[in-house]
Amino acid sequence: MRALPVRVDAVLVQAVIAAALSFAHLHDLALAAGQDGWKAWAYPVSVDLLLVAAWRRLRSGESKTAGWCWFLVALTASLGANVATAGLLDLENVPAWLRILVAGWPAVAFLGGTLLAHGATNPGTDPVTAPEPPSTAQAPEPITADVEQPMAAPELPATAPESASPPPPSVPPALVTLARKVADEHRARTGTDIDTSTLRARLGVPMPLAEAITTQLT
C-alpha cells in the first residue's frame, strides 16, 4: 500500500515554533527568579494551559468576558517573559517585584484555570429536544357493537280540550243606566274615562260584571 503524503500546515509549524520560544523564555525567567529544577519547567506549562483554557472558553461562546480576561492575563505573562529575556532585564539581578510576581503566578493560574474549566454555563440556554417523529402506526378501527334500538315511547292519551270560557254575565239595563250615569259624573269631575276598578268600587259589583258593564259603556 502506498503511504499517503503528509500535508504540512504552515500555520501549525509557526504555532509550534512560537510556543517553543515562549516556553523557553518563561523557563529562563522562572529560573532567574529563583525557581530552579522542575519548577522552572512547570511555569511555562501553566501559562500555556491557561491560554488554552481561555481559548476554549472563547470558542464555546459561553461567558466571553471571563475568557477574554484570563486570555489577556496569560498573554501578558507570556509576552512579559519574552520581553524580559530579550536583554531589557538583567537576569543575574532580578528585582524583588518580579520575584514576587513569579512566586504568585501558580495561584493565579490555578484560579483562572478552575474558573474557566468549571465555570457555570449560561442558564438561559435550554437543551433543544428533537421533535418526535410522527407515528406511522395505523389507528385501530372502532369496534361496532350491536346496539338495541330504543323502544318507542308509549303514546300519551289525548288530553281533553279545555272547557270553554264561561259566557259573560248578563247585565240588567237598569244597572247599565246607573253605570253610565256614574261614568259621566266621573268624566265631568276628572276629565278622564272611568276605569273598571273604579266602576266596580262605585257600583259594588263583582269584577266580571264590572268588566261586562265597561264593555257596554264603550
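Basis for what follows: all heavy atoms, side chains included, without hydrogens, waters or symmetry-related copies.
Two residues are said to be in side-chain contact when any heavy atoms from C-beta on lie closer than 4.5 Å; Leu116 and Arg56 fail this criterion. Taking the side chain as every heavy atom from C-beta outward, Tyr43 and Leu29 never approach each other to under 4.5 Å. At least one side-chain heavy atom of Phe71 sits less than 4.5 Å from a side-chain heavy atom of Leu75.
With sequence neighbours left out, Asn93 forms a side-chain contact (heavy atoms from CB on, under 4.5 Å) with Asp90. Qualifying side-chain contact (heavy atoms from CB on, under 4.5 Å) partners for Thr192, counting only residues two or more places apart in sequence or in other chains: His186, Thr190. In terms of the side-chain contact (heavy atoms from CB on, under 4.5 Å) criterion, residue partners of Ala42 (sequence neighbours excluded) are, by chain and number, Trp38. In this structure, the side-chain contact (heavy atoms from CB on, under 4.5 Å) partners of Asp28, at least two apart in sequence or on a different chain, are Thr85.
The two residues Ser46 and Ala109 come nearest to each other via the heavy atoms CB-CB, 4.2 Å. Of all non-hydrogen atoms in Val94 and Ala32, the two that sit nearest each other are CG2-O, 3.4 Å. A pairwise comparison of heavy atoms in Val102 and Ala30 identifies CG1-CA, 4.2 Å as the closest pair. Across all their heavy atoms, Ala40 and Gln35 have their closest contact at CB-O, 3.0 Å.
Side-chain atoms of Arg200 do not come within 3.5 Å of backbone N or O of Pro206 as any donor-acceptor pair.
Screening residues 66-79 for side-chain hydrogen bond (donor to acceptor under 3.5 Å, both in side chains) gives Ser22-Ser78 as the qualifying pairs, with residues at least two apart or on separate chains.
Transitive grouping of hydrophobic side chains (ILVMFWY, heavy atoms separated by less than 4.5 Å) keeps Met207 and Ile194 in distinct clusters. Taken together through direct or relayed side-chain contacts under 4.5 Å among Ile, Leu, Val, Met, Phe, Trp and Tyr, Val73 and Leu115 form part of one hydrophobic cluster. Leu111 and Val108 end up in the same hydrophobic cluster when Ile, Leu, Val, Met, Phe, Trp and Tyr side chains are linked at under 4.5 Å.
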- Let me see the working for Thr114 and Phe110 under side-chain contact (heavy atoms from CB on, under 4.5 Å), right down to the final yes or no. CA-CA 6 Å; Thr114 303; Phe110 175 77; 3.8 Å; yes
- Item | side-chain contact (heavy atoms from CB on, under 4.5 Å) assessment of Ile100 paired with Trp105 | CA-CA 9 Å; Ile100 295 175; Trp105 171 256; over 6 Å; no
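Here Leu26 contributes atom CG and Leu31 contributes atom CG; the two are 12.5 Å apart, rounded to the nearest 0.5 Å. Here Lys39 contributes atom NZ and His27 contributes atom NE2; the two are 12.0 Å apart, rounded to the nearest 0.5 Å. The structure places OG1 of Thr65 at 9.5 Å from CG of Leu58, a figure rounded to the nearest 0.5 Å. One finds the OG atom of Ser197 at 9.0 Å from the CD atom of Glu211 (value rounded to the nearest 0.5 Å).
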Please output the side-chain donor-acceptor pairs of residues 178-185 that fall under 3.5 Å, not counting sequence neighbours, one pair per line with the distance.
unit_1, atom_1, unit_2, atom_2, d
Asp184, OD1, Arg187, NH1, 3.0

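Atom CZ of Arg99 has more than 12 heavy atoms from other residues, nucleotides or ligands within 6.0 Å.
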